[in-house]
**Q** 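Structure below; questions to follow.
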Amino acid sequence: MKVRVKSHWPPGHIRTPAYLRGKIGQIERRIGLFNNPEEVAYRQTGAQRELVRVRFRMDEIWGARAERGEDVIEAELYAHWLEPI
Amino acid sequence: MPHDHHDHSHEGLSPSGHPYRPDDDTELSYWQVMEIALRELLIEKGHLTAAQIHAQINAMDSRSPTNGARVVARAWVDPAFKAALLADASAASRSMGFDIGPMHLIALENTKEVHNLVVCTLCSCYPRNLLGLPPDWYKSRAYRSRAVIEPRKVLSEFGLTLPDEMQVRVHDSTADMRYIVVPVQPEGSFGQTEEELAAWITRDSMIGVGLPQAPQ
């Protein structure tokens, strides 16, 4: 399944790396439900969020600067940062 | 022969010619003060004892890459264990008797076509509960930023040049998972026992910046 990382720039304890925001990748695997670090950092206990691993091609992230476009980066992202496309 | 030079002053040097290390008497940083204050409060209020804190420090210091090497070596000799490791690396590590606490571990298998590399761009997440403390370079800004932008160049600086046709997979440890690379077993090690194989598996090969090495 293809997803796009939301290009949001809120303040706070965000575990979505800046270099992946706005980028499109494929879900590699779904890991399960985890506490949301954006809330945990402020001692809030909201609903748990689904954590998924997403695979991105290097040329999607770095464009022509990529060493080799077919290489990939995989990262764990919380579902509320992803939108299906 | 660095100690045979007599064309410079030995003032400020030890009798063997080395500079004395300056005393570590700078002011404590904000976070060092916070750590001391929190630790002393926890002890004063009876939540923890100093002995318990030091027991935890000792437990962490006793963890080392040899734990991970034993896990990888078993995966090399036991296909059923390897399948279990790739399905749930936490459970597989615990089944070998390693106390990894609540750590969620994912094992990444290198193949002839794929090379895996682990980094934490946001901080310094590392599978400490299995491998012990990370090397200093793993926490450096240079490694953390460059590993995702130019992993092949970074690997070449570690002495590992990968063929173009091989895919590099960089794993950014952004959240709750920790990662261990299962390197490809070198041909020169085929037929060895699990214990002998563990000696081939270096810390760097489990981070993905190196390959297994024949024991010296």
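Just so it is clear: chains get the letters A, B, ... in the order the sequence lines come, proteins before strands, and each one is counted from 1. Predicted model, so just to flag it, every value in this text is computed and none were measured.
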**Q** Using a 6.0 Å cut-off, check whether atom CZ of B/R70 has over 12 heavy atoms from anything other than its own residue.
**A**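 No.
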
**Q** To the nearest 0.5 Å, what is the distance between CZ (B/R152) and CG (A/D71)?
**A**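 Between B/R152 CZ and A/D71 CG, I get 4.0 Å after rounding to 0.5 Å.
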
**Q** Just verifying a value: how many Å separate A/N35 CG and B/D176 CG, rounded to the nearest 0.5 Å?
**A**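 Separation between the atoms: 8.0 Å.
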
**Q** Identify which part of A/R53 has an atom lying under 4.5 Å from any heavy atom of chain B, answering side chain, backbone, both or neither.
**A**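 A/R53 touches chain B through side-chain heavy atoms alone.
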
**Q** More than 12 foreign heavy atoms under 6.0 Å from NZ of B/K139: is that the case here?
**A**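 Yes - once you tally the heavy atoms of other residues, nucleotides and ligands closer than 6.0 Å, there are more than 12.
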
**Q** List the steps and the verdict of side chain to side chain contact (heavy atoms under 4.5 Å, CB included) for B/D172 and A/Y19.
**A** CA-CA 11 Å; B/D172 193 351; A/Y19 72 89; 2.7 Å; yes

**Q** Which answer fits A/R29, side chain, backbone, both or neither, if we ask what part of it has an atom under 4.5 Å from a heavy atom of chain B?
**A**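 The side chain, not the backbone.
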
**Q** List the steps, then state whether side chain to side chain contact (heavy atoms under 4.5 Å, CB included) holds for B/E150 with A/W62.
**A** CA-CA 10 Å; B/E150 46 181 15; A/W62 309 116; over 6 Å; no

**Q** Which atoms of B/H115 are under 4.5 Å from chain A, going by heavy atoms: the side chain, the backbone, both sets, or neither?
**A**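 Neither part; nothing is under 4.5 Å.
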
**Q** Give me the one residue out of A/E28, A/R55, A/E74, A/E76 that meets side chain to side chain contact (heavy atoms under 4.5 Å, CB included) with B/H171.
**A**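 Passing option: A/E74.
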
**Q** Testing B/I149, B/V168, B/V170 for side chain to side chain contact (heavy atoms under 4.5 Å, CB included) with A/M58, which one passes?
**A**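 For A/M58, the side chain to side chain contact (heavy atoms under 4.5 Å, CB included) test succeeds with only one of B/I149, B/V168, B/V170, which is B/V170.
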
**Q** Hey, is CH2 on A/W9 packed in by over 12 heavy atoms from elsewhere, all under 6.0 Å?
**A**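 Enclosed.
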
**Q** In terms of heavy-atom contacts, does NZ of A/K6 have more than 12 from other residues, nucleotides or ligands at under 6.0 Å?
**A**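 Check passes, neighbour count above 12.
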
**Q** Determine the option with the most heavy-atom pairs under 4.5 angstrom with chain A, choosing from B/V119, B/V148, B/L117, B/N116.
**A**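 Sorted descending by pairs with chain A, the first entry is B/V148.
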
**Q** Is the number of heavy atoms from other residues, nucleotides or ligands under 6.0 Å of B/M34 CE greater than 12?
**A**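 12 or below, so no.
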
**Q** Relative to chain B, which segment of A/I73 carries a heavy atom at a distance below 4.5 Å: side chain, backbone, both, or neither?
**A**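 The answer is both parts of A/I73.
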
**Q** Quick one: pull up CD1 in A/I14 and OG1 in B/T174 and give me the separation to the nearest 0.5 Å.
**A**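 It comes to 12.5 Å.
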
**Q** State the SG-CZ distance between B/C123 and A/R15, to the nearest 0.5 angstrom.
**A**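 These two atoms lie 4.0 Å from each other.
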
**Q** Counting neighbours of CD on A/Q48 that are heavy atoms of other residues, nucleotides or ligands and sit closer than 6.0 Å, is the number greater than 12?
**A**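 Atom CD in A/Q48 is crowded, with more than 12 foreign heavy atoms closer than 6.0 Å.
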
**Q** Which bit of B/I106 is near chain A, if near means a heavy-atom gap under 4.5 Å: side chain, backbone, both or neither?
**A**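 Side chain of B/I106 only, per the 4.5 Å heavy-atom cut-off to chain A.
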
**Q** Taking the side chain as every heavy atom from C-beta outward, state whether A/R68 and B/P151 have any atom pair closer than 4.5 Å.
**A**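 SC-SC contact between A/R68 and B/P151 ruled out.
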
**Q** Given heavy-atom pairs under 4.5 angstrom as the criterion, report whether the side chain, backbone, both or neither of A/P17 touches chain B.
**A**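 Both parts, heavy atoms under 4.5 Å.
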
**Q** Would you indicate whether B/E195, at its atom CD, is surrounded by more than 12 heavy atoms from other residues, nucleotides or ligands within a distance under 6.0 Å?
**A**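 No - once you tally the heavy atoms of other residues, nucleotides and ligands closer than 6.0 Å, there are 12 at most.
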
**Q** Within a reach of under 6.0 Å around CG of B/D61, are more than 12 heavy atoms found that belong to other residues, nucleotides or ligands?
**A**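 More than 12 heavy atoms, drawn from other residues, nucleotides or ligands, come within 6.0 Å of this atom.
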
